[in-house]
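Since the model is a prediction, treat every value here as computed from it, not as a measurement.
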Amino acid sequence: MPFEPLLDAVPPVAGKRGRPRCRPRKLHADKAYDHRRCRRACQRRGIKSRIARRGVDSSQKLGRHRWVIERTFAWMNRFRRLTIRYERRLDVHHAFTAIACSLICLNALMGRF
């Protein structure tokens, strides 16, 4: 599981004035990341982990935060060319992903969602 490289790849979080934070304050994760090494990796980086525990926590608690991500994935899946990846070149696929995100933002600004 590439958990630690994923944490290190997070870009600086902009917000208040001054130097941007290099890491987020909290991490929300599902039960698949319920391992000691994942919790330790968060502690070493100063990130508060909100990881659901297997057999203890229900998946309903974390669902409030994951809904935004799942909804966005559903919007992206409406674009068939992205759901089934026809392009072999990464730059072409990236361009279509950017166009899909732009159309989603445009529709949101127009009030269609």
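Note: L106 CG to C101 SG = 12.5 Å, rounded to the nearest 0.5 Å. If you take CD1 on I51 and NE2 on H28, they are separated by 11.0 Å, rounding to the nearest 0.5 Å. Once rounded to the nearest 0.5 Å, the distance linking CD1 of I47 with NZ of K26 reads 13.0 Å. Here the straight-line distance linking atom CZ of R53 with atom CG of D34 works out to 8.0 Å at 0.5 Å rounding. Here L27 contributes atom CG and K48 contributes atom NZ; the two are 12.0 Å apart, rounded to the nearest 0.5 Å.
Applying the salt bridge (charged side-chain N to carboxylate O under 4.0 Å, His left out) test to R89 and every residue at least two apart in sequence or in another chain returns D91.
Formation of a donor-acceptor pair under 3.5 Å by the R78 side chain with backbone atoms of A74 is not found in this model.
Aromatic ring centroids of F3 and Y33 lie under 6.0 Å apart.
Following chains of ILVMFWY side-chain contacts shorter than 4.5 Å, one can reach I99 starting from W75, so the two form part of one hydrophobic cluster.
In summary, R44 and E4 engage in a salt bridge, as defined by a charged side-chain N under 4.0 Å from a carboxylate O.
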